[in-house]
**Q** 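Dumping the structure here so I can ask a few things about it.
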2 protein chains.
Amino acid sequence: MDERKWLFDLLNVEEQQLSEKQLNILQAAIEMFAEKGYAATSTSEIAKRAGVAEGTIFRHYKTKKDLLLAIVKPTLFQSVAPFLAKKFVKDVFENEYEHYEQFVRAVFKNRYEFVKTYLPAIRVLWQEMAFHSDIKVQFQTIFINHVYDKFKQIVEHFQQKGELALFPPETIIRLTITTIAGFLLTRFIVMPDYPWDDEQEMERTIQFLMNGLKKT
Amino acid sequence: MDERKWLFDLLNVEEQQLSEKQLNILQAAIEMFAEKGYAATSTSEIAKRAGVAEGTIFRHYKTKKDLLLAIVKPTLFQSVAPFLAKKFVKDVFENEYEHYEQFVRAVFKNRYEFVKTYLPAIRVLWQEMAFHSDIKVQFQTIFINHVYDKFKQIVEHFQQKGELALFPPETIIRLTITTIAGFLLTRFIVMPDYPWDDEQEMERTIQFLMNGLKKT
DNA sequence: AATTAAAGTGAGTAATCACTCATTTTGACG
DNA sequence: CGTCAAAATGAGTGATTACTCACTTTAATT
């Protein structure tokens with residue numbers, strides 16, 4: 001079997017639902033959009049790389065933009081997946097995570113594996129968000145509706161326990177996300193060839209984050 | 001006089017060196033590349049917005065890519081400008097900055113003003129770096145030759161004074177940069193419409209950074 | 001006023017673009 | 001094997017692309 005389980009997982013579909021050719025198209029599109037950008041990639045190039053006729057692409061996706069959205073939408077959902085689970089906040093309040101640090105460690109590790117697995121699709125999402133306002137709006141909507149409120153509850157919970165600095169919750173959320181995202185960006189996009197010791201560097205990043213957010 | 005001093009400053013040229021039409025072309029290109037991306041912007045659109053004939057663009061720039069580089073190269077240099085000054089490290093060692101915090105404050109404020117002034121050009125640089133490996137290589141070269149070494153000296157200086165955690169200097173550099181860049185990215189790109197109190201939020205960011213990097 | 005070089009113009013060009021559609025291939029069924 | 005619908009094909013379409021070049025306009029100097 002071809003090693004494409006990740007594609008099914010990303011798109012959240014069963015193996016029977018997608019034909020071999022359709023898989024080839026999606027994989028080729030993800031790779032080329034990630035490398036050259038959506039606008040600079042032609043449908044004929046995608047067809048060539050996927051080993052199908054150009055017309056086949058348009059059998060499955062009405063337009064080139066539809067093909068982009070078929071990649072970007074699932075990736076967007078997976079990007080915030082941990083926060084979509086209902087039991088997520090519940091876990092925090094029922095002492096699944098006794099300290100903010102444990103919560104952060106869980107999220108960090110989880111998102112690290114996520115980026116490692118789906119890097120090209122994630123690149124497509126974030127690169128194209130800069131140019132397509134509809135994608136940006138979708139992200140903002142999902143973030144406000146599913147991430148922000150839950151994250152805020154969690155932060156306030158640990159602030160009341162006296163663990164976290166009394167910054168506005170939005171500030172703590174921002175600093176937490178940019179610290180984690182800053183590592184992942186440096187690790188996988190800016191300097192992927194640097195000889196990283198991932199575990200150590202993540203440990204230092206968490207120490208930095210927790211010291212920075214500690215109540216003083 | 002048209003308010004275009006920023007363009008001369010960015011390109012680092014005198015006012016006489018560029019004709020009115022050439023300025024129009026550069027400004028239109030910066031705005032459209034920032035909004036729609038280089039590949040999705042046609043030279044005919046740029047000419048229209050600049051109020052010139054399409055041929056005029058190619059009188060000044062041999063190719064469309066040349067036009068992009070005429071924007072990106074100066075922006076890249078300005079992005080790391082503070083580290084290009086020879087006296088920069090000297091200032092640190094001669095107690096111009098007694099503590100790492102003062103150094104960070106100076107850089108932070110300086111880069112905040114920089115991003116605020118040249119935002120569209122900066123967007124072009126970072127967006128297109130993802131797609132043009134020649135731009136990425138140029139950035140890496142400049143960073144290694146002009147930023148990394150000096151930054152490392154500064155970090156080691158304050159580590160020896162016992163101010164900073166004994167993380168590897170590269171880690172401290174990374175955490176410093178991603179914390180500052182994380183604020184600027186959130187402030188100017190991700191959520192530019194949020195009612196920011198810039199001074200307070202930058203103060204909190206510095207507190208976070210210094211506590212995170214403090215020797216424990 | 002005449003000269004001249006530089007700046008600007010815009011119609012023209014070959015190549016490529018996203019997309020269509022009449023036709024062929026495929027594979028599951030009787 | 002024969003039937004048939006779905007999947008796949010690729011030549012063809014009009015629109016758009018980056019770029020060229022013969023020509024005109026501008027403006028400074030004689």
**Q** Of the nucleotides dC19(C), dG8(C), dA18(D), which has the atom closest to the E54(A) side chain?
**A** dC19(C)

**Q** Side chain of S42(A): nearest nucleotide among dC17(C), dC19(C), dA8(D)?
**A** dC17(C)

**Q** Check whether the ring centres of Y112(A) and F188(A) lie less than 6.0 Å apart, and answer yes or no.
**A** yes

**Q** Taking only side-chain nitrogens and oxygens of T63(A), does any of them come within less than 4.0 Å of OP1 or OP2 of dA18(C)?
**A** no

**Q** Between dC21(D) atom P and K62(B) atom NZ, what is the distance in whole Å?
**A** 14 Å

**Q** May I have the distance from F58(A) (atom CZ) to dA11(D) (atom P), rounded to whole angstrom?
**A** 16 Å

**Q** Please report, rounded to the nearest Å, how far the P atom of dA15(C) is from the CD atom of E45(A).
**A** 17 Å

**Q** Determine whether a donor-acceptor pair (N or O, by modelled atom type, separation under 3.5 Å) exists between the side chain of R4(A) and the backbone of Q27(A).
**A** no

**Q** Looking just at side-chain N and O atoms, do T141(B) and Q138(B) make a donor-acceptor pair shorter than 3.5 Å?
**A** no

**Q** Can you check whether any acceptor in the base of dA8(D) is under 3.5 Å from a donor in the side chain of R59(A), or vice versa?
**A** yes

**Q** Of K64(B) and S19(A), whose nearest nucleotide on DNA chain D comes first from the 5' end?
**A** S19(A)

**Q** From the options dT9(C), dA18(D), dA8(D), select the nucleotide whose nearest atom is closest to the side chain of A53(B).
**A** dT9(C)

**Q** Given dA8(D), is OP1 or OP2 found less than 4.0 Å from the side-chain N or O atoms of H60(A)?
**A** yes

**Q** Output the rounded distance in Å from CG (L67(B)) to C1' (dA18(D)).
**A** 12 Å

**Q** Would you find a donor on one side and an acceptor on the other, under 3.5 Å apart, between the side chain of K150(B) and the backbone of N145(B)?
**A** no

**Q** Can you tell whether the side chains of E113(A) and K116(A) come within less than 4.0 Å, N to carboxylate O?
**A** no

**Q** L18(B) CG to dA6(C) P: how many Å, rounded?
**A** 17 Å

**Q** Between dC19(D) atom C1' and Y61(B) atom OH, what is the distance in whole Å?
**A** 16 Å

**Q** Atom NZ of K65(B) to atom C1' of dA18(D): distance rounded to whole Å?
**A** 14 Å

**Q** Side chain of T56(A) only, please: which of dT9(D), dA18(D), dT9(C) is the nearest?
**A** dT9(D)

**Q** With DNA chain C as reference, determine whether K21(B) or T41(A) sits nearer its 5' end, using the nearest nucleotide of each.
**A** K21(B)

**Q** Starting at NZ of K48(A) and ending at C1' of dC17(C), how long is that distance when rounded to a whole Å?
**A** 15 Å

